[in-house]
Protein chains: 2
Amino acid sequence: MRPTKRDELVQQALQAFYRNGFQATGMDMLAAETGISKTSMYKHFRTKEDLILAVLRLRDEHFRNWLYRRMEELAETPRQQLIAMFDALEEWFAEPGYRGCMFIKASSEYQDTSHPIHKQSAEHKRMLEIHITDLARKAELRDADAIARQLLLLKEGAMVTAHLGHTANPAQDAKAAAIQLIEAHRQ
Amino acid sequence: MRPTKRDELVQQALQAFYRNGFQATGMDMLAAETGISKTSMYKHFRTKEDLILAVLRLRDEHFRNWLYRRMEELAETPRQQLIAMFDALEEWFAEPGYRGCMFIKASSEYQDTSHPIHKQSAEHKRMLEIHITDLARKAELRDADAIARQLLLLKEGAMVTAHLGHTANPAQDAKAAAIQLIEAHRQ
DNA sequence: CGCTAAGTTTACCGATCGGTACACTTAGCA
DNA sequence: TGCTAAGTGTACCGATCGGTAAACTTAGCG
């Protein structure tokens, strides 16, 4: 139960990877930026890949916690919370350092679907799907699995489009679509 | 009007970059894989970045041509063609070598929005948006700009999700959503 | 006190990175 | 025939890549 250098490393590595990309961030640059010696890094993680996997685990935990909490803060009923997901996303997109979804980025850099980093990115999306499907069920929507998948397609699209930046407010575009889809699935 | 080595290089580089990623594909590996000498490559393109930009231009042209043509082949009216976009995507996703959208990948590896590669990827998306918006207008849908943006969010989401592979058929999920959105925008 | 675990600095490894220099071959064309 | 443009092979550049060796400092704890 030591809250020390290892966690500090993972946290700072997360910032660096998110800002610079995975392949483009070398271990030397990482050591220079975090102030943690290369030797120490390799005492905690056998390879760069291991470090990236730890970073993705941390990101998964933080992001899902943040999103779920924010959805609950912004709305009361499950149905309203599903819609509020896109207001939460809008807040995120508006942050100065926004650079898209870290897991989409990771799966873009490690494309092979059998690669551990790719698989862990897919796992993150699967966890999200479970939660949103559960919420769709609680909202008593018809065909909860299908509507959940549709809402998540809008979410992925909005995250990508917000990073490409050729559209003014993808989060609200997605929200408008989500409202219509949810309305069509009420029973 | 020479159809020679330069075009051959761009075409083969496209394959390599799509399969391996941009940063992960070195110029030596590229020379070995294409059989074109490194010296020749640097006679045609001053830098790797220039080559990547040429690859993206070719990809933009090919992809948009393919998608627009396939949409016209699959359906007659503009409204049906908008829906058929997702059938075309499904065909693409089912191809053995499918590895996601090259422009999302490019913008993931070159994240800075001011980077030429990022800007060119955004430009591709903007060209698509113009065409789909035009089609939505021809389909006489209410609020053509908004519905076009919504359909494109579904498209981006489907492409990402198809690559992550945690869902059975994102193209058909997107199509089902598209049908409902379009139905809600009929006038 | 002395042991141990965690972390440090410094220097290094072979491999690869993007990019270049130079001398050579080949084909088209006047 | 002889010039030129396009392409080649080979060898190299300095920088950086992921990863390691070895000797040292520091702090906690019996």
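In what follows, chains carry the letters A, B, and so on, assigned in the order in which the sequence lines appear, proteins first and then strands, with residues in each chain numbered from 1.
- Rounding to the nearest 0.5 angstrom, the gap separating the CZ atom in A:Arg142 from the CD1 atom in A:Ile147 is 8.5 Å.
- By the 6.0 Å and 45° rule, B:Arg59 does not stack over the aromatic ring of B:Phe17.
- For the pair B:Lys125 and B:Phe103, the cation-pi criterion (under 6.0 Å, within 45° of the ring axis) is not fulfilled.
- Rounded to 10 degrees, the angle between the two end axes of the helix from C:dC1-D:dG30 to C:dA30-D:dT1 is 0°, with five pairs used at each end.
- The residues A:Glu73 and A:Arg69 are annotated as salt-bridged, a charged nitrogen and a carboxylate oxygen being separated by less than 4.0 angstrom.
- The side chain of B:Ser37 contributes an N or O atom lying less than 4.0 Å from OP1 or OP2 of D:dT8.
- Nucleotide D:dA6 holds its P atom 8 Å from the NE2 atom of B:His44, rounded to whole Å.
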Going 5' to 3' through nucleotides 14-21 of chain D and flagging B where a protein heavy-atom sits under 4.0 Å of the base, S where only the sugar-phosphate is that close, and - otherwise, we get ---SBBBB
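- Remark: C1' of C:dG7 and CZ of A:Phe45 are 15 Å apart, rounded to the nearest angstrom.
- In this entry the distance linking CE of B:Met41 with P of D:dG9 reads 13 Å, nearest Å.
- Using a 4.5 Å cut-off between side-chain heavy atoms of Ile, Leu, Val, Met, Phe, Trp and Tyr, with links allowed through other members, B:Ile179 and B:Leu82 fall into the same hydrophobic cluster.
- Atom CZ in B:Arg6 sits roughly 11 Å away from atom P in D:dG7 (whole-Å rounding).
- Between A:Trp92 and A:Tyr98, the ring planes lie perpendicular to each other; the angle is over 60°, past the 30° to 60° tilted range.
- In this model, no donor atom of one side chain and acceptor atom of the other lie less than 3.5 Å apart for B:Arg46 and B:Tyr42.
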Can you check side-chain hydrogen bond (donor to acceptor under 3.5 Å, both in side chains) on B:Asp87 and B:Gln172, steps first, answer last?
CA-CA 7 Å; B:Asp87 293 319; B:Gln172 287 305 310; 3.1 Å; yes
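- When the nearest nucleotides of DNA chain D are assigned to A:Lys43 and B:Ile36 by heavy-atom distance, the more 5′-ward of the two goes with B:Ile36.
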